Structure formats: structure tokens, C-alpha cells
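Let me begin by presenting the structure, written as C-alpha cells, before commenting on it.
What you see is a predicted model, and the numbers here were worked out from it, not measured in a lab. Whatever order the structure lists them in is the order used to number ligands and atoms, beginning at 1.
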Amino acid sequence: MTQIQWPDLPAAQQPVWPDTQALNQARAELATLPPLIFAGEADQLRNSLGKAAHGGAFVLTAGDCAETFKHNTADSIRGRLRTVLQMAVVLTYGSTLPVVKIGRIAGQYFKPRSGETETVNGITLPVYRGDAVNDIEFNEAARQPDPWRMVRAYHASSATLNLVRAFTQGGYADLREVHSWNQDFVKQTKTGDKYELIASDIDRALAFMAACGVDPSEFRTVDFYSSHEALVLDYEQPLTRVDSRTGKLYDVSAHFLWIGDRTRQLDGAHIDFASRISNPIGIKIGPSTDVEDIGKILEKLNPDRTDGRITFISRMGVEQIKEKLAPLMSASFKSGHKPLWVCDPMHGNTKTASTGHKTRDFSDVIGEVVGFFDVCRAMSVHPGGIHIELTGDDVTECTGGMEGLLDHDLPSRYETACDPRLNRVQSLELAFRVSEMLKAR
Ligand code: PEP
Ligand code: MN
């Protein structure tokens, strides 16, 4: 394959690899490995996102903050997928809109961090940057960035995606299984009961259709797309290939890539990278986003104005959403573009609990989504989706919700490698609340 020459631009948040030779070897290895996704699939997703930008669909992006090699097990993958499928059922049923399903999965192994180093008990070491860079263990050897971990992350992502494709195409995601996704701890909760009612309605509707001789194949499989933050360019660049059909570049590490709030500098390497690939792209926008940048980002990344190419993922925090989002939407109107607007109600609402754990309160998460819907209504913009961090397990990382998790519950099952995630019951509860908002829209 011809290697692409990338311009030498400033790139924020890159690991300092101690061994250049190893880095070059690992990059060369990545460049020879097969694609994880096809360009045609990324195009199909872009079309669906375009539909959402025009009000004809709702996007659900969900998964881990940081995937880890340790938790890349069949149980964990199935748990996350099942949670997304249940949420999608609730959202589709409530809104009667198609739900585009995207996982933060099969590549979400890189993390931006606020500092270069971390100090514990007087010892200072490089910060953890995700399993694809270094190990979370706090010792000198573990924290050394090792480029071969990127190759391991590729193989882990490949195995994950293989299982996801089997689950979503091989019968597990069949709508007839709608009851069977609602097992174990969720079933004992009020939210689980509410879900059972919808599942029974869907069963009846399917039985009715079958009795009428209608049995569409669309009910047997679902389209489920992969996504992660395009952060470490030593991973993304070698996995960027020319599509033989069109001659265009695609990052074949995932269907959808987003640029984080810390790396969206207009003159930086990440935006330049995103401008060269044809995948659908997300841009996180936070309270510090300059209104002037909106039009510039849209022109730079989507000069052809392709529908579904750009998704703005707003992560303002419950306190600032009302004030900060509307001017950015106005700027996009002025530019003449029609991007998709999605709400990430997680990253602006992180705080430290009295126990010292990083947490988010469920009411802040809901509050930001309510604020997002309000702004969208006022601006006549379709509230196009939500982007959240969750797990399929019964973890205790975010407070609140109908189970009423309190600060002192957090230590009982706090497992995240980075940010606090909604557990399965909280995730379902969020889906019910959002589906009500969509109904009232
Ligand atoms: C993330 O999505 O995990 C993340 C780091 O988000 P942001 O760039 O919005 O802070
Ligand atoms: Mn996160």
C-alpha cells in the first residue's frame, strides 16, 4: 500500500513514545492489517445521519468511556449491546422514529487527559492514556507508553466487532427476542417492569403481523456501527486507506470517528486528519467553543455539504447548555450548512463525590438533555440524538436514578478505567425519559 504523507501539524494529546523504532514497526504492522470496516458501511451510516439531520431519525451512541483489554469479554460486549438494543426499542417505540445505533466500541482505547503526569504518594508517573497506549497500574513500567499496545488494541477491536456482527446479524438482535434482553437484575426494577409492557406490545404487534402473513426480514437483524475518538494519530493514520471504488480515503478503524473537546483546534492535526477522510465525523463542542469556529469547521470538513458528514456533539453541562448552545446553532445557520446536533449529557457534568470518586448525577444528565431539547425547540432544530457512557453491568459509578444511588454506594461496584458510566437500569431509565421528550417534541 502506498503510505500517505501526513502534514506535520501540531497534534495535542499524543503519547510520548520512548522508542521510535518500536513506534515505526508498530505503525508499519498496523498499515498491513485488514480493515475493520468497509467504506460502503461508513457511507451507509453517513446517509442515516443525514436523515437524522433532517429530522427523520434519532441517533443513539453509547458505550464505555474507555474500553479495556481486561473487560473485552463476551459477557461484557453482550451486556453493552443488550443495553443499547433495549434503549433503542424504548426510543423507537416512543418516538416512532428510526434509531441509528452506534457503539463507543471496538476502538475506544485512547483517552485525552488533563495533565501529562499523575502524582500519588509523592511519586510522579506518566498519566494513563488508555489501554492502547499504557497500563492503568500505577508503576513505572506499566505507565511507559508502548506502541505495540496499539496493535493489541486493533486485534481486540477486531474480535469485538466480530462478536458484535454475529450478535446483530445472527439472531440475538431479532425483535422477537425483545423480552429475553430484559433479564437478571433489571427485571426486578420498576424500569424493567415498564420495559416489559413495551416488549409485550411489540410481541402482540409482531404476532398480528405474522397472522396477516407479514414477516419482514428487517426485524431479524440490526445495523450497529462502531465509533471512537480519533485521538492518537499513530493508530488512525496507518489504518487510513484508499477506497478502491471511489479513490477516497477512509479511516477503516471505525465507521464513525469523533474529535474530542481537547483536540478540535482548527489548525491542528486532528481537524486536518478529519478533513482528509470520508467517514462521518463528530466534533465535540463544549462551553469554550468559539462561535466563529462553527462555520470554519463546517467549511473545512464538509466543503461539499454532504448530508450526515458532520455531527456536532454538544457537551456543555447542565448549567451552561441553555446559554451556550443556541449561539453555536445560529452560527451554523449563518454558514448555510445543516449539521446533525447530538447531546452528550455526560462530559459537562463530571464531579467529585464526597467519597473522592469521579461521578455524575443522573438528574444532571437528564437536566442537560431537557435543556438540549428546549434549545432545539427554540431554534427549530431537530434534537438528533444522545451520546452517552454506559455499561451493561450493575455498576455504581453515577449517583441518582430510580434506584437512588448515593455517594456512599459508589465504592461497592466502581469499575471504570476513566469516566463514570450509567449502569443498565439508569441507561434504560434515560431512554424512557428521552422517549417522552421525543413524543412531546
Ligand atoms: C469522551 O468522550 O470520553 C471525552 C473525553 O469527551 P470530551 O472530548 O467531550 O471531553
Ligand atoms: Mn469519557
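Checked for salt-bridge contact, R305 and E299 meet the test: a charged N lies under 4.0 Å from a carboxylate O. Note on R129 versus E116: salt bridge recorded, some NZ/NE/NH1/NH2 to OD/OE distance being below 4.0 Å. The existence of a salt bridge linking R104 and D64 is excluded, since no basic side-chain nitrogen approaches an acidic carboxylate oxygen closer than 4.0 Å. Salt bridge absent: R424 and D393 never bring a charged side-chain N and a carboxylate O closer than 4.0 Å.
When the options R421, R80, R360 are evaluated for a salt bridge (Lys or Arg N to Asp or Glu O under 4.0 Å) with E389, the one that passes is R360.
Atom CG of D267 sits in a sparse spot, with 12 or fewer heavy atoms from other residues, nucleotides or ligands closer than 6.0 Å. Heavy-atom contacts from other residues, nucleotides or ligands closer than 6.0 Å to CZ of R433 number 12 or fewer. In the displayed structure, E140 atom CD is contacted under 6.0 Å by at most 12 heavy atoms of other residues, nucleotides or ligands.
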Checking salt bridge (charged side-chain N to carboxylate O under 4.0 Å, His left out) for the pair D234/R27: CA distance, chi angles, key distance, verdict?
CA-CA 7 Å; D234 287 320; R27 279 188 64 129; 2.6 Å; yes

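The Mn ion (ligand 2) has C65 SG, H347 NE2, E389 OE2, D419 OD2 as its protein N, O or S neighbours under 2.8 Å.
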Close N/O pairs between ligand 1 and protein, under 3.5 Å:
from     : atom 1 : to   : atom 2 : distance (Å)
ligand 1 : 2 (O)  : R104 : NH1    : 2.9
ligand 1 : 2 (O)  : R104 : NH2    : 3.3
ligand 1 : 2 (O)  : K284 : NZ     : 2.8
ligand 1 : 2 (O)  : H347 : NE2    : 3.4
ligand 1 : 3 (O)  : R104 : NH2    : 2.8
ligand 1 : 3 (O)  : K111 : NZ     : 2.8
ligand 1 : 3 (O)  : H347 : NE2    : 3.0
ligand 1 : 3 (O)  : E389 : OE2    : 3.2
ligand 1 : 6 (O)  : K284 : NZ     : 2.9
ligand 1 : 8 (O)  : D261 : N      : 2.9
ligand 1 : 9 (O)  : K284 : NZ     : 2.9
ligand 1 : 9 (O)  : R315 : NE     : 2.7
ligand 1 : 10 (O) : R315 : NH2    : 2.9

